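Quick note on labels: first sequence line is chain A, next is B, and so on, each numbered from 1. What you are looking at is a predicted structure, and each value in this text was computed from that prediction instead of being measured.
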Protein chains: 2
Amino acid sequence: MRRPTLEAVAARAGVSRATASRVVNGQTTVAPDIRDAVLRAIDELGYVPNSAARSLVTQRTDSIALVVSEPGTRVFSEDPMFSTAIRSASMELETVNKQVVLMLASSAKSHARVERYISGGHVDGVMLISMHGADPLPSALSRLRVPVVSYGRPAVPVQIPYVDNDNIGGAEAGVRHLVETGRRRIATIAGPQDMIGGQDRLTGYRNVLRDSDHRSIVAVGDFTRESGAVAMRQLLRDDPELDAVFVANDLMAVGALQSLRQAGRRVPDDVAVVGFDDIEAAKYTEPPLTTLRHPVAEQAAAMVRLLLDLFEGGTSEPVILPTELVVRESA
Amino acid sequence: MRRPTLEAVAARAGVSRATASRVVNGQTTVAPDIRDAVLRAIDELGYVPNSAARSLVTQRTDSIALVVSEPGTRVFSEDPMFSTAIRSASMELETVNKQVVLMLASSAKSHARVERYISGGHVDGVMLISMHGADPLPSALSRLRVPVVSYGRPAVPVQIPYVDNDNIGGAEAGVRHLVETGRRRIATIAGPQDMIGGQDRLTGYRNVLRDSDHRSIVAVGDFTRESGAVAMRQLLRDDPELDAVFVANDLMAVGALQSLRQAGRRVPDDVAVVGFDDIEAAKYTEPPLTTLRHPVAEQAAAMVRLLLDLFEGGTSEPVILPTELVVRESA
DNA sequence: ATCTCTTGAGAGAGCGCTCTCTCCACCCCT
DNA sequence: AGGGGTGGAGAGAGCGCTCTCTCAAGAGAT
């Protein structure tokens, strides 16, 4: 009751295994009638090539590891960026018939597991989603002689192609919007400073305040709603007079809005709020959130293409995608 | 520059390939000194077994397909249930050293792809996340002689083990809460009626209204925020006097809250709202959402264990997990 | 001392496929 | 009519591993 082999197909079609293989792999050097006979045999037998045997000889696996190196599992579940990126990358790879092996690398133990797996030749390449600065994975993987690309600029300056959005420019645009609408005391809830996105968005904030002669008021969160709520309360204690806050991602902005509401501040009348990411939920907050949109799905798709380029022997340059200010009611 | 083989390890350790293989696979019939020699050789050479060769002979791959059959890609990205389930299943499989191959089956074309892939022997088993009733995948896969388990009860009565939560009981508890707090006109925003969760939650709603002599007022959404907002506007037109609404998931409840706000209704004073799922965002709505909590992560983990049982030859029974009413401010 | 039994290690087949090499047959050119 | 060229098909090696079978050597029993 085991699955039919190429041998069986060849026998049924009355040809050699080599010819059957040619048909399966779409080579054109097979006479039409023989090709048809083989195809019929394949159909009748329900033949499907054995992938292990195939990749044993071709040294290819046609699968790609998608490594999500995210220590905070909560963030992974709640931040739609991750699932959007995963979905988009997955769909893009589907078009070239490659499989996605999903690996969550949350702990040091799983890092070792990922490294072992990848060096085991299970996959042809690696896509890395890691915003974490201290993450040893980018450099570890780049040493493995396996094609690696990254979603987001790796924190350590390692030589792997990546796709990122313009975090600094986006943050600047957001804060500039607050300045231009006459806000005087503009605080920020920054992301984790060991994440590249967290750092860059804070840099953008600082750039604009410096140039426009405002004072900076900073609290730091970890990109969760909860941390946004906590940071907002902190900011209100630090400077009760603040009239605007630039929040490094929408999830924290949602938490911040709640804290502002609980503190009796009206948004945007008393305090303007600008987020970052433009997640779907941003349209449904009270009031709807002004935020920076960046194309997560495109970014993931671009990452896939970068990897495919690498397979072709190309040496890919980093890609930076633009962000766009979406003005709603919160600022 | 190619990777070392077992042959090389054996040569370096001065033993046969068979003995080296025994050490690699942890068999105990190897003398300690020889074992050490082999381990040293492995270490020095940086040997990692070739997975293709191994699974060619063992007929195992140690990877599991996680098939997410979700036509609405928007829902996949925005509903944290999916990522929570994926993360939890992934972590559970990690403990038994199996890999997750993620497959998104959104279109008919990708259905064929999934079937082909799975019948290609790439994976040892399949976990199916499919809430969609008309989905041909459960029955198709169960025909493939591959172990299959499902997250959520399959719509068609096919003989595959599954883990689900008590949708009917949960909905009943939610609606009963509305009845008991004195609401008279209790509407519902139901989920898609081609999804089992959508059906069951509507059934629960109807059960309670029938028993307590209330009239049912139904609108149907598709589990997205947007559809919740649309459905709520519809309900308000249908029955401006309604004073409560049971919404089949939290995402739609978020949309419903927005529509209620825009219509000038106060929650819960004018209209009470009960959701379903208890996603993280439910704590951050205005007002925070009363909802039914069910253990998504546990459900996914239980699904994994069901599959592992199947590998052991066990014949697993469906598992139903309880839901819990979480009372916040919206009802 | 001989025989049986156990333990530990090697030989070698074979998993299912790809791909190079070889060969055959036919066509065109001179 | 003969020779070189070309297209199409087969033979067979080998990818790296596991696992059965076989065998050698030593322990224990008679």
OP1, OP2 of dA9(D) versus side-chain N and O of Ser16(A): anything below 4.0 Å? no
What's the closest nucleotide to the side chain of Ala18(A) if the choices are dA9(D), dG12(D), dG16(D)? dG12(D)
Expressed in angstrom and rounded to an integer, what is the separation of Arg54(B) atom CZ from dG16(C) atom P? 18 Å
Can you tell me which nucleotide in dT18(D), dT18(C), dA9(D) comes closest to the side chain of Ser21(B)? dT18(D)
Which nucleotide in the list dC15(C), dC17(D), dT18(C) gets nearest to the side chain of Leu56(B)? dC15(C)
d(CZ, Arg35(B); C1', dA9(C)) in whole Å: 14 Å
Any carboxylate oxygen within less than 4.0 angstrom of a Lys/Arg side-chain nitrogen, looking at Arg60(A) and Asp124(A)? no
Flag for Ser16(A)-Thr19(A): side-chain donor and acceptor within less than 3.5 Å: yes
Grab the CD1-P distance between Ile34(B) and dA25(D) for me, whole Å please. 14 Å
In whole Å, I'd like the distance from the CG atom of Asn25(A) to the C1' atom of dC19(C). 10 Å
Atom CZ of Arg3(A) to atom P of dC15(C): distance rounded to whole Å? 14 Å
Any donor-acceptor pair under 3.5 Å from Asn50(B) side chain to Ala53(B) backbone: yes
Whole-Å distance between dG14(C) P and Asn50(A) CG? 18 Å
Suppose we call a contact any N or O donor and acceptor under 3.5 Å apart; does that hold for the side chain of Arg22(B) and the base of dG10(C)? yes
Treating Thr58(B) as the side-chain partner and Arg54(B) as the backbone partner, does any N or O pair qualify as donor plus acceptor under 3.5 Å? yes
For the side chain of Leu6(B), counting heavy atoms from C-beta on, which of dA9(D), dT18(D), dG16(D) is nearest? dT18(D)
Could you give the CD-to-P distance, from Gln59(B) to dG16(D), as a whole number of Å? 19 Å
Consider the side chain of Ala31(A), meaning its heavy atoms from C-beta on, and name the nucleotide among dC17(C), dC17(D), dA9(D) that approaches it most closely. dA9(D)
Can you give me the closest heavy-atom contact between Val30(A) and Arg22(A), atom names plus distance? CG2-CB, 3.7 Å
Heavy atoms only, 4.0 Å cut-off, all strands: where does Val24(A) land among base, sugar-phosphate and nothing? nothing
Thr5(B) side chain near dG16(D) phosphate (N/O to OP1/OP2, under 4.0 Å): no
Closest-nucleotide 5' rank along DNA chain D - winner of Arg17(A) and Val30(A): Val30(A)
Whole-Å distance between dC17(D) P and Arg60(B) CZ? 15 Å
